Participant: 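Let me give you the structure first, and then I'll get to my questions.
Model, not experiment: these values are computed from the prediction. Index from 1, following the sequence. Computation of the quantities below employed the complete heavy-atom set of this structure, encompassing side-chain atoms and omitting hydrogens, waters and symmetry-equivalent molecules.
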Amino acid sequence: MKIIVVGGGIAGLSSAWALTKRGHEVTLLEQGPIPNPLGASGDHHRIIRRAYGATTGYGAAITEAYAAWDELWADLGESHYDPRGFMAVSREPGDEAEEYREGLESGNYPFELLQPEAAAERWPFLDVDTFRYAFFSKEGGALHCRRIAEGLVRWLTAHGADLHANSRVAGVDRRQGVVTLADGTSLSADRIVVTAGAWVLKLFPELADRLTAYRTAVVYLDPPADLAAAWAAAPVILDVGGRTDGYIIPPSGEGGLKFGSGLHKFASPDADARRVPEPGEGEAIRDLFAPPIARIGEYRMADVKTCAYTFTADERFLGVGLGRAIVVSACSGHGYKFGAAVGRRVADAVESDDIGTLAKWLRAEAA
């Protein structure tokens with residue numbers, strides 16, 4: 001079949017990879033460069049981990065995600081995964097970190113539980129008096145986003161896929177299977193896979209009742225000199241407990257020490273709006289992390305990056321068939337780790353025309 005993929009983030013690149021492997025004629029269109037620094041997949045590194053709440057289903061789906069990444073590493077000839085493990089700290093009963101621990105217990109996945117004194121001795125950037133406990137699992141780490149995108153571009157180009165960077169899509173005719181570019185060019189295909197991230201609402205505004213686009217930001221920090229070695233050896237931090245909804249990725253690959261919080265986001269129907277960091281924005285994000293990070297005021301700004309994401313109300317992924325188009329939004333703030341598996345599942349749906357099974361899997365409702 002002739003397939004057009006709209007969007008060059010991880011879902012689009014992985015879908016193109018899986019479809020190309022199966023012998024389809026694939027054209028990929030991306031509005032900016034690949035990787036696009038303004039896209040949700042354009043940053044340096046993302047977390048992969050087993051921990052999810054016990055009832056979500058995504059914890060079990062990580063097994064398939066790891067298998068898909070292994071297949072991708074074999075095709076690329078190198079791995080872009082830093083398996084440094086992950087940890088979380090709980091600061092109050094029932095916080096998200098505790099839900100993650102309960103999810104690991106429910107799945108019988110191994111982890112190490114540490115009391116505050118032991119945790120702060122191992123990771124001296126923690127303030128020992130501000131949290132109830134910590135836990136650590138070896139099954140997780142950081143995925144290097146830009147290296148993955150660059151590797152996929154090389155693989156796709158070598159295997160006959162037609163990649164078009166800086167080619168903004170202005171419209172999708174779902175009935176005729178036609179994509180119109182901003183310059184007026186029209187391209188036709190048997191099926192169209194739309195993985196346009198926060199820009200999908202510009203192409204399919206009727207999905208606004210199911211998807212909300214948010215603008216958020218992350219901050220890169222330089223830690224105090226005496227803590228630099230501890231951070232360099234630290235696991236990724238999935239959650240800092242309490243109500244912060246905060247995660248931290250230590251230096252890994254080309255990425256520096258990154259802090260991000262789910263509290264720091266606002267609805268933004270225009271994914272291109274307010275993409276320049278605002279004065280004081282980095283410090284505001286940083287300061288959300290005290291507690292449990294000690295001496296937070298000594299962490300200096302290195303960079304602030306804005307991001308745009310789509311979220312569903314229940315923070316699950318979305319897949320929907322619209323004529324000849326399949327629209328996939330595997331985001332809600334936690335989608336990157338499933339990227340390679342999403343691509344394989346999209347390829348299944350294109351070949352079988354079974355969008356229902358894809359949608360259930362994206363919602364972690366099917367094995």
Side-chain angles (χ1 to χ4, degrees), residues 45-74 79-126 128 130-144 230-242 244-253 258 260 262 292-293 315-317 333-342 361 364-367:
H45 44 21
R46 289 286 188 277
I47 293 174
I48 184 170
R49 36 79 175 191
R50 172 75 68 178
Y52 272 95
T55 62
T56 69
Y58 285 111
I62 287 291
T63 298
E64 181 176 338
Y66 272 116
W69 287 118
D70 286 342
E71 180 184 350
L72 180 59
W73 307 147
S79 171
H80 300 303
Y81 169 48
D82 175 4
R84 59 174 57 220
F86 72 89
M87 63 166 288
V89 299
S90 175
R91 289 192 283 128
E92 58 187 52
D95 60 13
E96 194 165 45
E98 186 148 281
E99 292 178 6
Y100 290 145
R101 177 187 61 77
E102 292 171 348
L104 290 172
E105 291 175 339
S106 175
N108 199 30
Y109 303 124
F111 66 92
E112 179 184 2
L113 189 67
L114 296 96
Q115 295 305 308
E117 294 78 9
E121 182 178 0
R122 184 181 299 187
W123 302 300
F125 45 78
L126 294 174
V128 68
T130 62
F131 61 99
R132 304 162 63 220
Y133 61 81
F135 61 89
F136 168 78
S137 169
K138 294 181 179 179
E139 192 175 11
L143 293 165
H144 296 150
W231 276 115
V236 300
I237 301 180
L238 174 57
D239 195 87
V240 295
T244 304
D245 191 17
Y247 64 90
I248 302 173
I249 307 181
S252 181
K258 181 170 75 175
I293 304 301
E315 298 188 1
R316 292 178 181 266
F317 307 152
H334 64 100
Y336 193 95
K337 64 185 70 64
F338 293 99
V342 167
W361 181 84
E365 294 174 353

Participant: Between A97 and A88, what is the shortest heavy-atom contact and its length?
Facilitator: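 Between these two residues, the closest heavy atoms are CB-CB, 4.1 Å.
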Participant: Under 4.5 Å between any side-chain heavy atoms of D245 and E96, yes or no?
Facilitator: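 With C-beta onward as the side chain, the pair touches.
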Participant: For D95, check side chain to side chain donor-acceptor pair (under 3.5 Å) against everything at least two apart and list the hits.
Facilitator: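 Checked D95 against side chain to side chain donor-acceptor pair (under 3.5 Å); matches are S90.
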Participant: Only one of Y336, F338, Y81, F86 clears side-chain contact (heavy atoms from CB on, under 4.5 Å) with I48; which?
Facilitator: Y81
Participant: Using the ring of Y66 (Phe, Tyr or Trp, six-membered ring only), decide whether R50 places NZ or CZ under 6.0 Å from its centre and within 45 degrees of its axis.
Facilitator: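 Judged by the rule, R50 and Y66 form no cation-pi pair.
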Participant: Could you go through the side chain to side chain contact (heavy atoms under 4.5 Å, CB included) check for F111 and M87 one step at a time?
Facilitator: CA-CA 9 Å; F111 66 92; M87 63 166 288; over 6 Å; no
Participant: Work out which heavy atom in P116 is nearest to a heavy atom in F131; give both atom names and the distance.
Facilitator: CG-O, 3.3 Å
Participant: Checking D82 against H144 for the side chain to side chain contact (heavy atoms under 4.5 Å, CB included) test, could you report, in this order, the C-alpha distance in whole Å, the side-chain angles of both residues, the deciding distance, and whether it holds?
Facilitator: CA-CA 8 Å; D82 175 4; H144 296 150; 4.0 Å; yes
Participant: Do the side chains of H80 and W69 get nearer than 4.5 Å, heavy atoms only?
Facilitator: no
Participant: Answer whether the closest heavy-atom distance between the side chains of K138 and R84 falls below 4.5 Å.
Facilitator: no
Participant: How many angstroms lie between CD1 in I293 and CG in L126, if you round to the nearest 0.5 Å?
Facilitator: 5.0 Å
Participant: Spell out, as yes or no, whether a donor-acceptor pair under 3.5 Å connects the side chain of S137 to the backbone of E139.
Facilitator: yes
Participant: Report the distance from atom OG of S79 to atom CG of D70, rounding to the nearest 0.5 Å.
Facilitator: 7.5 Å
Participant: So which heavy atom on A341 is nearest to which on A65, and how close?
Facilitator: CB-CA, 3.9 Å
Participant: Does the cation-pi check pass for R101 over F135, that is, NZ or CZ under 6.0 Å from the six-membered ring centre and within 45° of its axis?
Facilitator: no
Participant: Donor-acceptor pairs under 3.5 Å, side chain of residues 231-240 to any protein atom, not counting sequence neighbours: which ones?
Facilitator:
unit_1	atom_1	unit_2	atom_2	d
W231	NE1	Y299	OH	2.9
D239	OD2	G241	N	2.7

Participant: Does the pair E98 and Y133 meet the rule for a side-chain hydrogen bond (donor to acceptor under 3.5 Å, both in side chains), with working shown?
Facilitator: CA-CA 9 Å; E98 186 148 281; Y133 61 81; 2.8 Å; yes
Participant: Report the C-alpha separation of T130 and V89 in whole Å, then their side-chain angles, then the decisive distance to 0.1 Å, and conclude whether the side chain to side chain contact (heavy atoms under 4.5 Å, CB included) test is met.
Facilitator: CA-CA 10 Å; T130 62; V89 299; over 6 Å; no
Participant: K337 side chain to R46 main-chain N or O, any donor-acceptor pair under 3.5 Å?
Facilitator: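 Not a single qualifying donor-acceptor pair exists.
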Participant: side-chain hydrogen bond (donor to acceptor under 3.5 Å, both in side chains), that's the test. Do R91 and T244 meet it? Break it down for me.
Facilitator: CA-CA 10 Å; R91 289 192 283 128; T244 304; 2.7 Å; yes
Participant: Side chain to side chain donor-acceptor pair (under 3.5 Å): which pairs involve residues 112-121, sequence neighbours left out?
Facilitator: E112-R122
Participant: How far apart are the closest heavy atoms of A142 and I249, and which atoms are they?
Facilitator: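 That would be CB-CG2, 4.3 Å.
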Participant: Do H334 and F317 come close enough that some side-chain heavy atom pair is under 4.5 Å?
Facilitator: yes
Participant: Are R316 and T56 packed together at the side-chain level, in the sense that at least one heavy-atom pair is separated by less than 4.5 angstrom?
Facilitator: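 Result yes, sub-4.5 Å side-chain heavy-atom pair found.
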